[in-house]
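Report on one structure; see the data block that follows.
First the proteins, then the strands, lettered A, B, ... as listed; each starts at 1. On a predicted model such as this, the values are computed, not experimentally measured, just so you know.
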Protein chains: 2
Amino acid sequence: MNESKRLKRSLLERLVRYCHFMQDKVLDEEITTVSSAQVAAYAELDESQVRKDLAAIGVRGTPRVGYRAADVVSTIRDRLGFDESYKAVLVGAGRLGGAIISYPGFAKYGLHIVAIVDSDPRKTGSMISGLVVQPMHRLGQIVRREQIELGILTVPRASAQVTADRLIDLEIKALWNFAPIWISVPDDVHVRNEHLSVGLADLAYHLSG
Amino acid sequence: MNESKRLKRSLLERLVRYCHFMQDKVLDEEITTVSSAQVAAYAELDESQVRKDLAAIGVRGTPRVGYRAADVVSTIRDRLGFDESYKAVLVGAGRLGGAIISYPGFAKYGLHIVAIVDSDPRKTGSMISGLVVQPMHRLGQIVRREQIELGILTVPRASAQVTADRLIDLEIKALWNFAPIWISVPDDVHVRNEHLSVGLADLAYHLSG
DNA sequence: TAGATTGTTAATCGATTAACAATC
DNA sequence: TAGATTGTTAATCGATTAACAATC
């Protein structure tokens, strides 16, 4: 396959699951190889799908043996960019910001939150996870000096788009938005909206059915 | 169409977006009708897709005029079950639990968190959003007495599956899991895993590209 | 060797897009 | 009426599944 081809979002999600499966169930139990059937059973997919996905990112298996779990993990990590390093600024030091920043898995994916910013003067100066909350007017300085590529938005809904626009103006490369709104961005900026209302709709729908 | 047909997850996501568009951009500005082209432009979809989606849930438009925004909203709300009422228990009164419970939009989707439970004796008895944090051993009582249908898991990763199993045993109908693990459930329980690592992977991938 | 499992091509299925007649 | 927009069918596209030869 063409090495530079963009991975589809659904493939990306499956790869993340494969990776978790390998790490949780396989490597811990001193199993070194897995068959596509085992992975498929775990991820509730067709085994052809698994073989195709692994082939697509360049993992090679051995007939009659399966895939080396360590190969799968390292190839996925490589293809998804987990072994590189990215700097992020978190904007919005509220409850949600605090919860996000305390998520233990960031570094494993190459992400490093190097600064926290908040517009509320009562919050600036306080410490969260070893970082001093900076005032909003320092955002530009921080982004430029630290060469920050990612902005994490945990601001209220009303300020999400303006904050995003400001970060875009500072030439941020990607945004991770937790405010309940779909942020709009130019084509060269990547945005991921984590919109709780989609989950809420999913649950309400299934509970009402 | 068959009224009882299950809606696909992707359709569900599009419907949520249509609903937000109607509420935010349209109703606020005293516009009463929208064309499929307008919705499509906002949601970055093909306009045929929009017409097909709206037809699928039974919204009828008027040629040369478009769709009544209020119709779209009320039909989506009805089909997705937002106008019914569901009780939920939140398990895990940590930072994430606090952030989730303070989300302002729950009631709009019919969801009501009626109890909070935590296994840490230092947390039980404290108040969060007007609710007293209950000890874990009351979980069964609470679920039965309040006839709770949904469990929201904001516990640490290590206790997520056991907590889920306990809620399943209490005949909960659905689980909303925020712990970084894919919860496994029997076929008759609905689970939605909000797994931050998928977002992390998506961002790492795009930043590395 | 025999048999299990990969890698890959072909077949199927479903979702998206295009087209256009119906219609207000 | 003329023309814009729906509703729906047909065409296209892509993703999933099936099948099986290659192979360890």
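Here D/dT17 is the nucleotide among D/dT17, C/dT17, C/dC20 with the atom lying nearest to any side-chain atom of A/Ser48. Of the candidates D/dT8, D/dC20, C/dT17, the closest approach to any side-chain atom of B/Gln49 belongs to C/dT17. Of the listed nucleotides (C/dA19, C/dC24, D/dT16), D/dT16 has the atom at the smallest distance from the side chain of A/Arg14. Closest contact between the side chain of B/Lys52 and the listed nucleotides C/dT6, C/dC24, C/dT16 involves C/dT16. The side chain of A/Arg51 lies closest to C/dG7 when the candidates are C/dG7, D/dG7, D/dT17. For A/Ser35, the side-chain atoms get nearest to C/dT5 when compared with the rest of C/dT8, C/dT5, D/dT6. The side chain of B/Pro63 has C/dC24 as its nearest neighbour among C/dT8, D/dG7, C/dC24.
If you check every strand for non-hydrogen atoms under 4.0 Å, A/Ser10 touches nothing.
Base pairing annotation: C/dT9 forms a Watson-Crick or G-U wobble pair with D/dA18, both donor-acceptor distances under 3.5 Å.
Counting heavy atoms from C-beta outward, A/Met136 and A/Thr163 have side chains that approach closer than 4.5 Å.
For A/Ser197 (side chain) and A/Leu200 (main-chain N/O), no donor-acceptor pair under 3.5 Å exists by modelled atom type.
Partner of A/Val91 under the side-chain contact (heavy atoms from CB on, under 4.5 Å) criterion, chosen from A/Ile152, A/Thr154, A/Ile116, A/Leu167: A/Leu167.
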